[in-house]
There are 2 protein chains.
Amino acid sequence: MGRGKIEIKRIENSTNRQVTYSKRRAGIMKKAQELTVLCDAQVSLIMISSTGKLFEFTSPSTTTKTVYDRYQQATGFNLWQSHYEKMQENLNKLKETNSKLRKEIRQRNGEDLNDLNFQQLRGLEQNMDKSVERVRNRKFHVIGTQTETYKKKVKSLEEAQNNLLRAFEGRDEDCPYALVDQERDYQSAIELANGGSHIFAFRLQPSQPNLGDDEGYASYGLSLA
Amino acid sequence: MGRGKIEIKRIENSTNRQVTYSKRRAGIMKKAQELTVLCDAQVSLIMISSTGKLFEFTSPSTTTKTVYDRYQQATGFNLWQSHYEKMQENLNKLKETNSKLRKEIRQRNGEDLNDLNFQQLRGLEQNMDKSVERVRNRKFHVIGTQTETYKKKVKSLEEAQNNLLRAFEGRDEDCPYALVDQERDYQSAIELANGGSHIFAFRLQPSQPNLGDDEGYASYGLSLA
DNA sequence: TATTCTATATATAACTA
DNA sequence: TTAGTTATATATAGAAT
């Protein structure tokens with residue numbers, strides 16, 4: 001191959017190794033190309049140098065993926081199998097968990113109870129009693145907080161109203177006929193404060209079809225007044 | 001390359017093409033091997049003949065998969081991307097669903113209620129009330145069914161007992177002292193039928209720590225008597 | 001580093017058996 | 001078919017650039 005027979009072993013001088021790599025890489029690429037054309041073959045050649053650089057040749061008649069699919073088919077070894085399997089396993093676990101969760105929800109919804117024995121049913125019932133109690137408490141807490149908020153709003157509205165009223169009263173001394181208008185304004189403002197809040201309260205459940213028992217609601221309305 | 005310059009184009013004679021393929025295949029394999037050793041490179045060479053036969057060379061320092069991973073990394077084109085992406089998408093959807101289901105369960109357990117407004121809380125409460133009612137009904141149904149079963153068992157036990165008693169009574173005419181024993185046996189048999197069933201009843205909930213209200217239980221005990 | 005230059009080693013097309 | 005021979009074309013090591 002050159003000036004004197006060479007033995008095939010790692011070239012220790014890195015410069016020489018790099019030069020040889022360039023030359024031989026070109027040579028083998030050419031060979032691959034010739035093989036492709038002369039013999040009608042499909043060739044995939046990938047070379048990675050020790051520095052990590054990658055060169056490849058693929059016959060124009062094919063693609064890297066096609067060659068690899070054939071490779072997997074021929075060797076019977078799916079290179080991505082293990083990766084796939086892990087993902088699939090994960091997927092299955094999630095599906096299983098999912099279905100368990102759904103079943104738990106159905107049972108907590110009073111459906112799909114056939115698998116449960118008396119003891120389990122009692123446990124579930126007690127658990128649900130406790131849970132519904134928690135929800136009820138939270139509901140009251142929420143409505144209580146809201147009530148406080150609206151109370152404060154009404155107070156501040158009333159205060160503003162009073163200030164306004166006092167301002168008008170001061171003006172009365174100059175204009176005695178203004179009082180009627182003021183009083184009408186004051187009344188409608190109060191109505192707005194109360195009525196407005198009530199309107200809001202009723203709109204809290206705009207799409208609730210069955211208003212049935214309204215105790216939470218009623219107490220909200222009362223505490224506003 | 002041989003006796004006369006050859007031009008690189010498909011060898012039409014299939015025999016010659018096949019011969020050339022064999023020789024050149026060996027040649028390029030050798031080159032790949034030499035490149036691997038001399039230059040410390042990682043080479044993957046796959047050749048598929050026009051007849052579909054596959055030959056490969058892979059540097060001993062690597063595997064086909066490693067080379068391919070690097071290839072994909074270098075080209076930025078993941079051959080399996082679309083497949084992976086679908087799986088990953090699926091996985092993420094499942095995870096999301098899962099987390100929603102868990103949240104629903106927590107809420108149905110009276111936890112994690114902060115996100116719910118008054119209206120939602122009322123809906124949840126009503127739903128849970130209905131659900132717990134269904135569970136309760138199922139519980140009664142299950143215990144009712146069990147009760148029926150035990151009733152029948154007791155009846156058949158009693159019948160067997162009566163038959164036995166009658167048989168003993170027939171024997172009395174020959175042996176007047178046997179009656180005492182019989183009566184004692186009869187009593188303990190009745191006790192066994194009731195008591196045994198009660199024992200079973202109490203064992204229905206062996207690990208239930210809080211027996212609290214026992215109305216389902218009590219009615220079972222009563223209907224046995 | 002990468003290319004070019006050459007002397008030589010290799011590869012291989014055509015031939016042979 | 002496959003394997004060995006041989007004349008030549010190619011590839012390439014080492015040196016120079």
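Chain identifiers are assigned alphabetically (A, B, ...) following the order of the sequence lines, protein sequences preceding nucleic acid strands; residue numbering begins at 1 within each chain.
- Proximity note for A:Q18 (side chain, C-beta onward) versus D:dA11, C:dA13, C:dT1: the nearest is C:dT1.
- One finds the CG atom of A:L91 at 13.0 Å from the OH atom of A:Y84 (value rounded to the nearest 0.5 Å).
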* Show the numbers, then the answer: is there a salt bridge (Lys or Arg N to Asp or Glu O under 4.0 Å) between A:R136 and B:D129? => CA-CA 10 Å; A:R136 219 184 305 279; B:D129 276 333; 3.6 Å; yes
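- Nearest-nucleotide mapping onto DNA chain D: of A:A26 and B:S22, the residue sitting toward the 5' end is B:S22.
- D:dA11 atom C1' lies 12 Å from atom CZ of B:R24, rounded to whole Å.
- Between the C1' atom of D:dT12 and the CD1 atom of A:I8 lies a distance of 11 Å, rounded to the nearest Å.
- Atom CD in A:E34 sits about 8 Å away from atom P in C:dT12, given to the nearest Å.
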* Taking it one step at a time, do A:K152 and A:E148 satisfy salt bridge (Lys or Arg N to Asp or Glu O under 4.0 Å)? -> CA-CA 6 Å; A:K152 280 176 193 160; A:E148 285 304 313; 5.4 Å; no
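- Residue A:K30 has a polar side-chain atom (N or O) positioned under 4.0 Å from OP1 or OP2 of D:dA11.
- In this structure, A:E7 atom CD and C:dA9 atom P are separated by 15 Å, rounded to whole Å.
- A salt bridge between B:E104 and B:R108 is present, with a side-chain N of the basic residue lying under 4.0 Å from a carboxylate O of the acidic one.
- Rounded to an integer number of Å, the gap from A:L38 CG to C:dA13 C1' is 11 Å.
- Per the geometry, CE belonging to A:M29 stands 17 Å off C1' belonging to D:dT12, to the nearest Å.
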Could you run down the sub-3.5 Å N/O contacts of the protein with nucleotides 14-17 of chain C?
residue, atom, partner, partner atom, Å
C:dA14, N6, B:K23, NZ, 2.9

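- With 3.5 Å as the limit, one finds a donor-acceptor pair spanning the side chains of A:R166 and A:N163.
- Electrostatic pairing of B:K155 and B:E159 does not count as a salt bridge here, judged by no charged N lying under 4.0 Å from a carboxylate O.
- Atom CG of A:L35 is separated from atom P of C:dA11 by 15 Å (rounded to the nearest Å).
- In terms of phosphate contacts, A:T15 brings no side-chain nitrogen or oxygen within less than 4.0 Å of OP1 or OP2 of C:dT1.
- A donor-acceptor contact shorter than 3.5 Å is absent between the side chain of B:T20 and the backbone of B:R17.
- Between A:I28 atom CD1 and D:dT10 atom P the separation is 18 Å, expressed in whole Å.
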